[in-house]
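Report on one structure; see the data block that follows.
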Amino acid sequence: MACFKDEGMDLPLEIEEVEKKQGKHLSKYWSGGRLAYSPAVRGDNFETIAQANAFCARQFGENWRVLSWHDGGLH
C-alpha cells in the first residue's frame, strides 16, 4: 500500500530552477510530504479508509495515512 505523511516540505530548489528555465509548472504537483510503501496487502482487507489509514500508521508511525491522488496537487 502507498502511504503518505504530509510534512509541509518546501519546494526543492531544483524544481524552481526547472520551472524558471523551461516554463514548466511542476510545483503544482509537489506534495510536500513523504511516501512509503508497505509490504503487499490486498485492498479488500480493509472495510473503511479509517482502517487503511490505521494500517499505514502501524507500518510507519504517527500521522501516516493512505496516499491519495489529491496529494500530488491534481485536485
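Residues: numbered from 1 along the sequence shown.
- Nearest heavy atom pair, residue A2 against residue C56, reads O-SG, 4.4 Å.
- Residue R65 holds its CZ atom at 6.5 Å from CG of D6, rounded to the nearest 0.5 Å.
- By the rule that hydrophobic residues join a cluster once side-chain heavy atoms approach within less than 4.5 Å of another member, Y37 and M1 end up as members of separate clusters.
- Closest of all the heavy-atom pairs between K5 and E62 is CE-O, 3.8 Å.
- Hydrophobic clustering, with ILVMFWY side chains joined whenever heavy atoms are under 4.5 angstrom apart, groups F55 together with V66.
- Within a 6.0 Å radius of CD in E7, more than 12 heavy atoms belonging to other residues, nucleotides or ligands are found.
- Hydrophobic clustering (side-chain heavy atoms under 4.5 Å, transitive across Ile, Leu, Val, Met, Phe, Trp, Tyr) keeps M9 apart from F4.
- In this structure, W64 and C3 approach most closely via the heavy-atom pair CZ3-O, 3.6 Å.
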